[in-house]
Each structure stands twice: as structure tokens, then as C-alpha cells.
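We're numbering straight along the sequence, starting at 1.
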Amino acid sequence: MILLIDHLAYGITLQPGGYLEPTNTTLIDAAVRELTEETGIDPSQVFSVSPTPAHIEYGRVPARASVAAC
């Protein structure tokens, strides 16, 4: 199963994702936090099949115009 969301800022469909925050102790913590923030899925209903990520996608994210102008 694949979960995709409409990314409102970019106007495209993407997988849920985000950034590591200082409170995240593992990549799984960050992934569950971002999934919950972006979809509203109850984190107690999310179960990892492995403590090691199978794939991490990364790339440059363009700054929003309001942020870039600061």
C-alpha cells in the first residue's frame, strides 16, 4: 500500500515527509511524527515492519517566496 498526499504548498502529489526535529531520537520517530502531522493518522495505529528504513528519499526543497524574501 502506498499513501500519497496533495502537497498544498507545491501543488503536487507526494508521499508524506518532512524534517528531523531535535526531539526525534530515531528516523522512525521522525517518520511517525510527520505522518501524523500531515495525515492525521493516529500514531498508535502505525507500526514499523523494520527498525531500519528501506528507503530514504531526499532532495532540495524550494523556499516559499515569503520565507526567501526575509
Across all chains, not counting sequence neighbours, the side-chain contact (heavy atoms from CB on, under 4.5 Å) partners of A30 are L20, N24, R33
Rounding to 0.5 Å, atoms CD (E34) and CD (Q15) come to a distance of 11.5 Å
Those residues at least two apart in sequence (or on a different chain) that pass side-chain contact (heavy atoms from CB on, under 4.5 Å) with P16 are L3, I5, L35, E38, T39
T23 meets the side-chain hydrogen bond (donor to acceptor under 3.5 Å, both in side chains) criterion, sequence neighbours left out, with none
S48 meets the side-chain contact (heavy atoms from CB on, under 4.5 Å) criterion, sequence neighbours left out, with I28
Across all chains, not counting sequence neighbours, the side-chain contact (heavy atoms from CB on, under 4.5 Å) partners of T13 are L4, D6
Residues 40-52 vs salt bridge (Lys or Arg N to Asp or Glu O under 4.0 Å), sequence neighbours excluded, gives none
Residues V46 and I41: closest non-hydrogen pair is CG2-CG2, 3.8 Å
